[in-house]
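The block underneath contains the structure these notes are about, expressed in structure tokens.
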Amino acid sequence: MVKPSRSYRVFQGVNGVILALVVVVTLYPFLNIVARSFSGERQIRAGEVTLWPKGFNLTTYKIVFQDSMFWRNYGNTVLYTVVATAVAMVLTTCYAYVLSKKHLKGRTALVGIAVFTMFFTGGLIPNYVLITSLGLKNSVWAIALPNAISVFNLLVMKAFFESLPTELEEAAQIDGLSTYGILLRIVLPLSKAVVATMVLFYSVSFWNSWFSAFLYMDQTDLMPVTVYLRNLIQGATGGSNAGAGTEQLSQVGANIQAVTIVLTALPILCVYPFVQRYFVSGVMLGAVKG
């Protein structure tokens with residue numbers, strides 16, 4: 001076994017210090033947010049909260065958790081995220097698989113159409129008129145369909161599919177598999193990394209989305225939790241919050257932003273460790289190579 005040289009050991013040490021500093025800089029804001037969400041109003045306004053809660057207080061959490069509408073909207077968010085992610089994955093996978101076939105007639109035009117939408121959109125009012133005229137308002141499809149395909153995700157999956165050996169598909173065709181059979185039984189099992197990465201991208205996007213629901217949903221019980229928390233912030237900072245006294249209102253106004261960040265980020269943080277091992281390999285394998 002070759003002993004590492006002194007310069008290499010120095011490099012490893014410096015690299016470790018730099019990475020440790022990056023971790024600290026990245027982790028500190030989140031820990032501060034968590035600490036503020038459990039801290040008292042006076043300590044927050046005085047700027048005394050750093051990495052540990054001071055004046056421990058659960059007022060805002062109690063107000064949120066005791067509201068039945070919060071749980072209804074939270075369930076809506078789960079439903080919208082699952083359905084929208086499933087629709088997006090089916091459409092993106094099929095479109096990317098088609099674009100990966102270099103012998104496809106009109107392939108350049110299809111790629112151009114997809115890329116065109118990255119820079120030009122119909123605009124807010126035409127989109128609203130379209131969704132309304134199609135009868136999609138107040139339904140999960142108003143959230144899932146308009147954002148079903150992310151062009152960035154599409155191009156990453158396309159590049160990944162192009163990197164797969166064509167001999168595998170040719171052998172499958174000789175064995176009698178159809179195009180859909182090749183996609184489902186050959187291509188997708190070899191694409192777990194990029195598929196998991198795209199699922200993560202889409203689920204985070206739909207989970208954090210609020211404007212589409214705010215625009216296309218007229219009923220409060222159909223809103224996702226992000227809109228509920230937005231309204232709670234607006235009510236607390238605006239000086240009015242139904243069912244809360246003056247003291248409670250001051251506490252809510254002091255740490256409502258921290259509480260909302262924790263509540264919306266926590267589910268994604270719980271899911272991420274299960275797909276992390278696919279994340280780097282999925283992006284790198286699907287990256288454009290020179």
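Bear in mind the structure is a predicted one, so any value in this text is a computation, not a measurement. Only heavy atoms go into these numbers, but all of them, side chains included; no hydrogens, no water, no symmetry mates.
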> Do the ring planes of Y128 and Y216 sit parallel (below 30°), tilted (30 to 60°) or perpendicular (above 60°)?
Replying inline: parallel
>> Could you check whether atom OH of Y180 has more than 12 heavy atoms from other residues, nucleotides or ligands sitting under 6.0 Å from it?
In response: no
> Please walk me through it: do F65 and F70 pass ring-ring contact (aromatic ring centres under 6.0 Å, His included)?
Replying inline: CA-CA 7 Å; F65 288 156; F70 167 78; 5.8 Å; yes
> Is any side-chain heavy atom of V151 less than 4.5 Å from a side-chain heavy atom of Y95?
Replying inline: no
> With a 4.5 Å heavy-atom cut-off, do Y228 and V64 have their side chains touching?
Replying inline: yes
>> Counting only heavy atoms not in F11 (residues, nucleotides, ligands), do more than 12 fall under 6.0 Å from its CZ?
In response: no
> What residue among K102, R107, K101 forms salt bridge (Lys or Arg N to Asp or Glu O under 4.0 Å) with E162?
Replying inline: R107
> side-chain contact (heavy atoms from CB on, under 4.5 Å) between S37 and I33: does it pass, once the steps are laid out?
Replying inline: CA-CA 6 Å; S37 70; I33 288 293; 5.7 Å; no
>> Does either side chain, that of N255 or that of T60, offer a donor lying less than 3.5 Å from an acceptor on the other one?
In response: yes
> Does the side chain of F206 reach to within under 4.5 Å of the side chain of V83, using non-hydrogen atoms?
Replying inline: no
> Is the backbone N or O of F160 less than 3.5 Å from a side-chain atom of S163, with the two atoms forming a donor-acceptor pair by type?
Replying inline: yes
>> Does the plane of the ring in F161 sit parallel, tilted or perpendicular to the ring in Y97? Use 30° and 60° as the thresholds.
In response: perpendicular
>> Using 30° and 60° as the class boundaries, would you call the ring planes of F120 and F116 parallel, tilted or perpendicular?
In response: parallel
> So with a 6.0 Å cut-off around CG of L21, is the heavy-atom count from everything else above 12?
Replying inline: yes
> Is there a side-chain contact (heavy atoms from CB on, under 4.5 Å) between M217 and I143 once you walk through the steps?
Replying inline: CA-CA 9 Å; M217 302 293 183; I143 297 175; 3.8 Å; yes
> Hey, are the side chains of V111 and K158 touching, using non-hydrogen atoms and a 4.5 Å cut-off?
Replying inline: yes
> Can you say whether the rings of W71 and Y74 are parallel (under 30°), tilted (30 to 60°) or perpendicular (over 60°)?
Replying inline: tilted
> Do T50 and Y28 come within less than 4.5 Å of each other through their side chains, counting heavy atoms only?
Replying inline: yes
> Taking it one step at a time, do V225 and L263 satisfy side-chain contact (heavy atoms from CB on, under 4.5 Å)?
Replying inline: CA-CA 9 Å; V225 72; L263 291 178; over 6 Å; no
